[in-house]
Number of protein chains: 4
Amino acid sequence: MIETATVKRRGKGRRARQAGPRGGPAPERRAERRKAILAAALQEFSARGFAAARLDDVAVRAGIAKGTIYLYFQDKEALFQDLIRSEMGPVVGTLESALSLDLPTRAVAERAAELFLREILGTSRKDIIRLIISEGPRFPKLAEFYYHEVVARGIAAVRALLARALERGELRSDAISRFPQLLVAPGIVAIIWKSLFESHAPLDVHALMRAHLDLLFGEGNAK
Amino acid sequence: MIETATVKRRGKGRRARQAGPRGGPAPERRAERRKAILAAALQEFSARGFAAARLDDVAVRAGIAKGTIYLYFQDKEALFQDLIRSEMGPVVGTLESALSLDLPTRAVAERAAELFLREILGTSRKDIIRLIISEGPRFPKLAEFYYHEVVARGIAAVRALLARALERGELRSDAISRFPQLLVAPGIVAIIWKSLFESHAPLDVHALMRAHLDLLFGEGNAK
Amino acid sequence: MIETATVKRRGKGRRARQAGPRGGPAPERRAERRKAILAAALQEFSARGFAAARLDDVAVRAGIAKGTIYLYFQDKEALFQDLIRSEMGPVVGTLESALSLDLPTRAVAERAAELFLREILGTSRKDIIRLIISEGPRFPKLAEFYYHEVVARGIAAVRALLARALERGELRSDAISRFPQLLVAPGIVAIIWKSLFESHAPLDVHALMRAHLDLLFGEGNAK
Amino acid sequence: MIETATVKRRGKGRRARQAGPRGGPAPERRAERRKAILAAALQEFSARGFAAARLDDVAVRAGIAKGTIYLYFQDKEALFQDLIRSEMGPVVGTLESALSLDLPTRAVAERAAELFLREILGTSRKDIIRLIISEGPRFPKLAEFYYHEVVARGIAAVRALLARALERGELRSDAISRFPQLLVAPGIVAIIWKSLFESHAPLDVHALMRAHLDLLFGEGNAK
DNA sequence: GATGAATGAGGGTTCATTCAT
DNA sequence: TATGAATGAACCCTCATTCAT
């Protein structure tokens, strides 16, 4: 087949402008729009999934023209990935500091649970997590990012906390220390339940988390 | 018929024939093909997700022509829903009977865990579960079906088991009795972990499940 | 930037089917359609140029649906390139045999000129040549193909003819032998003239060619 | 105003301002910018063709903002047409005076050839000619302009020269007198060759032109 | 029934053109 | 005057669905 060096122009080369020369004519107008697009994208992506979401709808929801999206994001995929990253980045730090408080372990765990309820389950970040679960296998680099930036850091923080707890004799077993996934599992399941079954069988996530902690630490209340 | 919130392009007028006029030309040839299509569909859907999967690829994988799919399934959506239903139905019964065995509760739980590992995590059924998690919000009727046919029945069986266990004093608390989700959560997380992070951090699901049961029942082995 | 191995599916991989399994259900129906598309494409491309031509218009002109084009050609570029190749290939052979006739050189040249007038200037092939001139720089591989398959072969044939002519003393000089471009130049110019200026100043190409041959061979008539 | 057969999207209502209200804010700054834009446009148009060239790239190359182009030119098409006209105008005069020198005809022809090599083939004007060849059919008014302002004047000058040459017996035949295209043809072909085949088969245009003149005038050197 | 060529609506992306600053 | 962000019409290409064979 005859191939050419032609016509197909900008591959991933040209990227959405990051900041105009002299600072750009709209200093934080730009940031606002970017946020509006990300917010709209979150809604559309989480309502329809990556493939089925239409940038047309994202634009309408963001109150801009379709082409404008491309002034802020390379393409649909970059929009998706930027969305994931911008939403998840901030929480990890908060989580890490919550886990490193010098309090009785159960108390720390309860703070973390509250944090999860307030900052994740109660916000659109839960949708981000669903998106990662759903689309991760199709976006290996995104899964990798999420693993390194969120999961691995979270696991490390949990392990540090639990090592101390074990020393202090606050834990029944080293099970969650070896498998921090066990600590988080109910949170994940809560997210999934709420998005699939909430209308059929509402779940009292507060109570679920309390029961979970009771299992781990024995009954008791550190509040 | 299961309806969804998704948009349809062409009319839903004619439906896939359910049985040939005069008895059908191929008695169980028909069943074979149906299975081949479902198997192919499972692969494509779980590799790409519902929206991005192409019926063309399903057909190639099933070794048939594209149009043939429409002799067996109404449309792409029906294929997807039939797939979910045909795969998950059978397991529930097995699970129910495993949970109703008259053995020490820990032993029953271990059987159930083995069953999960063997029949779900070790097979393509884990992909079905991922698909439900991913696409459920877009297919409310499917989530409903899954809730009633799988989740609710599973919960009922677990509750029966645990009620007995509580009476017998085999459980530390009534936590999982009130929230059977806690029992299942590590299994869900294992499925997700394997599809997203296995290459970055392999997970020993056997050990994970054992640690989980240790937490619930205290250390010990009922085998 | 996060990259993925994702989503972007078929690059140039999947090619337009070349022939169905059992010969294809439409034996030469396929060839007919292909021709219809090529004919339509020729019109659109030569009327608007490669970039500005719309496949939509090609489809309408060919009497088919837009998507059908993609059953026959990989993409717009492949259609363009196939067009050039399918049109120019055949003529070269005819030209070569015309040039190798064992006749007085002037007679051979006149046959070639007639051939040019009849088979190129008088047909849509002149548009192909214009297209190559116009788009060649943007399609280097196409220019290469054209150079090797048409130009180089033409030059070789001309050189063979002229070498013989020089031996026989039929030529005034070895100028065109060294620069066969000189032989062809008026033909090229005629094509360009007709497409640009014909309406302002009609050109009698017959007379032009005769005058050209007179210059090369001295006045005389071999017919 | 030059009109074309091409489609316009937005209205042609407002035109590029030709001179600032109260005299214009920048006296010949304006001319400089105009030149910069034209130079940039030449590069982009000749590299990509009219349709595929992007005004964005023109602006970048000219070191201005995209919108600024519209302060100097009506629209893309006007820019293109102004480009052609501004580049070709000047040469014609030079050519005409070269052709009207009172020297032996062969000498005049050689001067003209040198002029062509130096002022056209050796500069970006050759790209202008390629552009006219390529886009002329889509811009009839441009072809008309080019015909009247360049071609017709060139032909007239050539005819005058050759009439004198015939009288003086310096020409073998009246062929080129009747068809001045024959005189120019090798130049055209050289332009095309260089843009298409130079990398495959370099062409010695000097030698080509000399051989051409030898054919017309018989061997000899008037220098 | 089975096939696969054909259809055509749809969506991502581009880019000429406008206009608020 | 100059800027460049914003617009939105277009266009290439895909793919679910149909239907003649």
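Naming convention: chains lettered A, B, ... in sequence-line order (proteins, then strands); numbering from 1 in each chain. The basis for the numbers below is simple: all heavy atoms, side chains too, and nothing from hydrogens, waters or symmetry mates.
Each of D:Gly67 and C:Ala51 was assigned the nucleotide of DNA chain F with the nearest heavy atom; the assignment lying further toward the 5' end belongs to D:Gly67. Take the nearest nucleotide of DNA chain E for A:Ala53 and for A:Thr68: the residue whose nucleotide is more 5' is A:Ala53. Residue B:Arg33 is the one, among B:Arg33 and C:Ile64, whose nearest nucleotide of DNA chain E lies closer to the 5' end (criterion: closest heavy atom).
The side chain of C:Arg54 sits closest to F:dC12 out of E:dA6, F:dC12, F:dT3. Closest to the C:Tyr70 side chain, of the nucleotides F:dA2, E:dT17, F:dC13, is F:dC13.
The CG atom of B:Leu71 sits 14 Å away from the P atom of F:dT17 (whole-angstrom rounding). Between B:Asp56 atom CG and E:dA6 atom P there is a gap of 14 Å when expressed in whole angstrom units. Here the C1' atom of nucleotide F:dC12 and the CZ atom of C:Phe73 are 16 Å apart, to the nearest Å. If you measure from atom OH of A:Tyr72 to atom C1' of F:dT7, you get 13 Å, rounded to the nearest angstrom. A:Leu55 places its CG atom 16 Å from the P atom of F:dA6, with the value rounded to the nearest Å. Atom pair C:Arg30:CZ and F:dA20:P shows a separation of 20 Å (rounding to whole Å applied). In this structure, C:Asp75 atom CG and F:dC11 atom P are separated by 17 Å, rounded to whole Å. Spacing between atom CD of C:Glu77 and atom C1' of F:dC11 amounts to 16 Å, rounded to whole angstrom units.
Between C:Phe139 and C:Phe50, the gap from one ring centroid to the other is short of 6.0 Å.
Nucleotide F:dT18 has E:dA5 as its partner under the Watson-Crick or G-U criteria, with both atom distances under 3.5 Å.
Under a 4.0 Å N-O distance rule, the pair C:Lys35/C:Glu32 does not qualify as a salt bridge. At a threshold of 4.0 Å, the pair C:Glu44-C:Arg61 counts as salt-bridged, since one of the basic side-chain nitrogens sits closer than that to a carboxylate oxygen.
A cation-pi arrangement is not found for D:Arg33 relative to D:Tyr72, the charged atom failing to lie both closer than 6.0 Å to the ring centre and inside a 45° cone about the ring normal.
Put simply, the side chain of D:Lys66 and the base of E:dT17 share a donor and an acceptor less than 3.5 Å apart.
A:Lys76 contributes a side-chain N or O that, together with a main-chain N or O of A:Ala51, makes up a donor-acceptor pair within less than 3.5 Å.
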